[in-house]
Amino acid sequence: MTFPVGPIWLVGCGNMAGAMLRRWLSEGLDPAQVTVITRSGTRAPEGVRSLTALPVDETPAILMLGFKPQQLGDIAPTLAHLNPAILLSILAGVEEQTLASHIPAGAVVRMMPNLPVAIGQGVTALYTRSTDAVVRDAAEALARPLGLAPWVEDEGRFDAVTALAGCGPAFVFRFIDALAQAGVGLGLSPELAQQLALATVDGAGAMAIGADAPPAVLADRVASPGGSTREGLNVLDAEDALKRLMAETLTAAERRNREMAAAARR
Ligand SMILES: NC(=O)C1=CN([C@@H]2O[C@H](COP(=O)(O)OP(=O)(O)OC[C@H]3O[C@@H](n4cnc5c(N)ncnc54)[C@H](OP(=O)(O)O)[C@@H]3O)[C@@H](O)[C@H]2O)C=CC1
Ligand SMILES: O=C(O)[C@@H]1CCC=N1
């Protein structure tokens, strides 16, 4: 699958959009197609045009929004005249209808990436109400080089997808850190504890992806009867401690996505 043709403008190019752009370029996107527009004139990757104001008398084929959801009301009026073929948004929460009402475009595509897209192992969930194959193909062509790229057919589920996969790397990073700190608590050096925690999560994740059984079953395979893993799992499982913690975590994140969507609607 080849990248879409035509100019691609990124309005906002921080942690997330920057990671996507770097991956696209490493996978063969022509940097001459890309213009990055930020307030500070971010140092863009080589060959990419970096501006602090919109180019005059030019129109992008794809206009990607990479700023904060809270900035939509301020920035959208400056983009309303562009009329791109595809408006691509990575803004958490903000709905297709809100985007379309602020910025006229041929079609609106919502993308929800996560940070591991930087190494092509991310998740980029996709939503559009467009049935145009050209639009859907273009979205896939951009999302696939980033990792898993599932379509979410019900936009109502997008906030939950965002909570799990968009925010998810932060929760996993916290877990790795907590695992390492617990190791330090048992007397390991911080360096060794972090090395062990990272390699363990890396190996367990890779193994779980290719495994013949779901993660819940794999956990039991580590736990020899009467052994030490069971003692540890008993702590995580007591009154569903970990499950409840994760449920509360995702619920809070999903709620915040809804709040940002509501604020953008006003
Ligand atoms: N971080 C993540 O893991 C994920 C983030 N997202 C979404 O990505 C979006 C960006 O988040 P993130 O990358 O973390 O945020 P950052 O703060 O890292 O990036 C924000 C970008 O917006 C730019 N910006 C701010 N104001 C303007 C303006 N007026 N005109 C043009 N550009 C502007 C900033 O540059 P400057 O200040 O120089 O203008 C910067 O490049 C959010 O909508 C978020 O919901 C989605 C999934 C995951
Ligand atoms: O924290 C945020 O709002 C964004 C959405 C998903 C990840 N980061």
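One-based numbering, in listed order, for ligands and for the atoms of each. The analysis underlying the following values was restricted to heavy atoms, covering all of them including side chains, and did not include hydrogens, waters or symmetry mates.
- The nearest non-hydrogen atom to atom 18 (O) of ligand 1, considering only Leu51, Leu10, Asn15, comes from Asn15.
- Between the CD atom in Glu239 and the CZ atom in Arg244 there is a gap of 6.0 Å [rounded to 0.5 Å].
- Here is the list of ligand 1 atoms found below 4.0 Å of a heavy atom in Ile37: 31 (C), 32 (N).
- In terms of protein heavy-atom proximity, atom 7 (C) of ligand 1 is nearest to Ile90 O, 3.2 Å.
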Please assess Glu254 against Arg258 for the test salt bridge (charged side-chain N to carboxylate O under 4.0 Å, His left out), listing each intermediate value before the final yes or no. CA-CA 6 Å; Glu254 185 193 34; Arg258 288 218 201 89; 3.2 Å; yes
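- Among all protein heavy atoms, the one lying closest to atom 5 (C) of ligand 2 is Ala92 CB, 3.6 Å.
- Heavy atoms of Lys68 found under 4.0 angstrom from ligand 1 belong to the backbone as well as the side chain.
- Taking atom 42 (C) of ligand 1 as the reference point, the nearest protein heavy-atom neighbour is Phe67 O, 3.2 Å.
- Set against the non-hydrogen atoms of Pro69, the atoms of ligand 1 under 4.0 Å away are 42 (C), 43 (O), 45 (O).
- Scanning the protein heavy atoms around atom 3 (O) of ligand 2, the nearest turns out to be Met260 CE, 3.9 Å.
- Across all non-hydrogen atoms, the minimal contact from Ala92 to Met260 is CB-CE, 3.8 Å.
- Across Met16, Met260, Met111, Met20, heavy-atom proximity to atom 2 (C) of ligand 1 is greatest for Met16.
- Protein heavy atoms come within 4.0 Å of atom 47 (C) of ligand 1.
- Shown in contact with Cys13 at under 4.0 Å from a heavy atom are these atoms of ligand 1, numbered in order with element: 21 (C), 40 (C), 41 (O).
- Residue Met112 has at least one heavy-atom neighbour below 4.0 Å for each of these atoms of ligand 1: 46 (C), 47 (C).
- In terms of polar-atom proximity, defined here as any N/O pair under 3.5 Å, Ile75 makes no such contact with ligand 1.
- Applying the 4.0 Å criterion to heavy atoms of Gly12 picks out, from ligand 1, the atoms 21 (C), 22 (O), 23 (C), 32 (N), 41 (O).
- For ligand 2 and Gly166, the ligand atoms under 4.0 Å from any heavy atom of the residue are 6 (C), 7 (C).
- Leu54 and Leu65 fall within a single hydrophobic cluster, where Ile, Leu, Val, Met, Phe, Trp and Tyr side chains are chained together by heavy-atom contacts under 4.5 Å.
- For the residue pair Ile90 and Ala17, the shortest heavy atom distance occurs at CD1-N, 4.0 Å.
- Distance from atom 20 (C) of ligand 1 to its nearest protein heavy atom, with residue and atom name: Gly66 O, 3.8 Å.
- Counted by atom type alone, Glu58 and Trp9 present zero donor-acceptor pairs between their side chains at under 3.5 Å.
- In terms of protein heavy atoms, atom 26 (N) of ligand 1 is closest to Gln71 NE2, 2.8 Å.
- Scanning the protein heavy atoms around atom 37 (O) of ligand 1, the nearest turns out to be Arg39 NH2, 2.9 Å.
- Nearest heavy atoms, Phe67 versus Val11: CD2-O, 3.3 Å.
- Between Gly66 and Leu91 the shortest heavy-atom distance is N-CD1, 4.5 Å.
- Ion pair Glu96/Arg129 flagged as a salt bridge, since at least one NZ, NE, NH1 or NH2 atom sits closer than 4.0 Å to an Asp/Glu carboxylate oxygen.
- Within ligand 1, the atoms closer than 4.0 Å to a non-hydrogen atom of Pro113 are 47 (C), 48 (C), numbered from 1 in the order shown.
- Every N/O-N/O distance between Val11 and ligand 1 stays at or above 3.5 Å.
- Of all protein heavy atoms, the one lying nearest to atom 35 (O) of ligand 1 is Thr38 CB, 3.8 Å.
- In terms of polar-atom proximity, Ser40 is counted as a contact of ligand 1, with an N or O under 3.5 Å from an N or O of the ligand.
- Taking distance alone, with nitrogen or oxygen atoms compared against 3.5 Å, Gly41 stays at or beyond that limit from ligand 1.
- The distance from the SG atom of Cys167 to the CG atom of Asn114 is 9.5 Å, given to the nearest 0.5 Å.
- Looking at ligand 1, you won't find any N or O of Leu115 less than 3.5 Å from one of its N or O atoms.
- Of the protein's non-hydrogen atoms, Ala92 N, 3.0 Å is the one closest to atom 45 (O) of ligand 1.
- Using a 4.5 Å cut-off between side-chain heavy atoms of Ile, Leu, Val, Met, Phe, Trp and Tyr, with links allowed through other members, Met16 and Ile62 fall into the same hydrophobic cluster.
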Working for side-chain contact (heavy atoms from CB on, under 4.5 Å), residues Val48 and Leu25: CA-CA 10 Å; Val48 169; Leu25 294 172; 3.9 Å; yes
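- A side chain to side chain contact (heavy atoms under 4.5 Å, CB included) with Val152 is found for one member of Val161, Thr128, Leu126 and no other, namely Val161.
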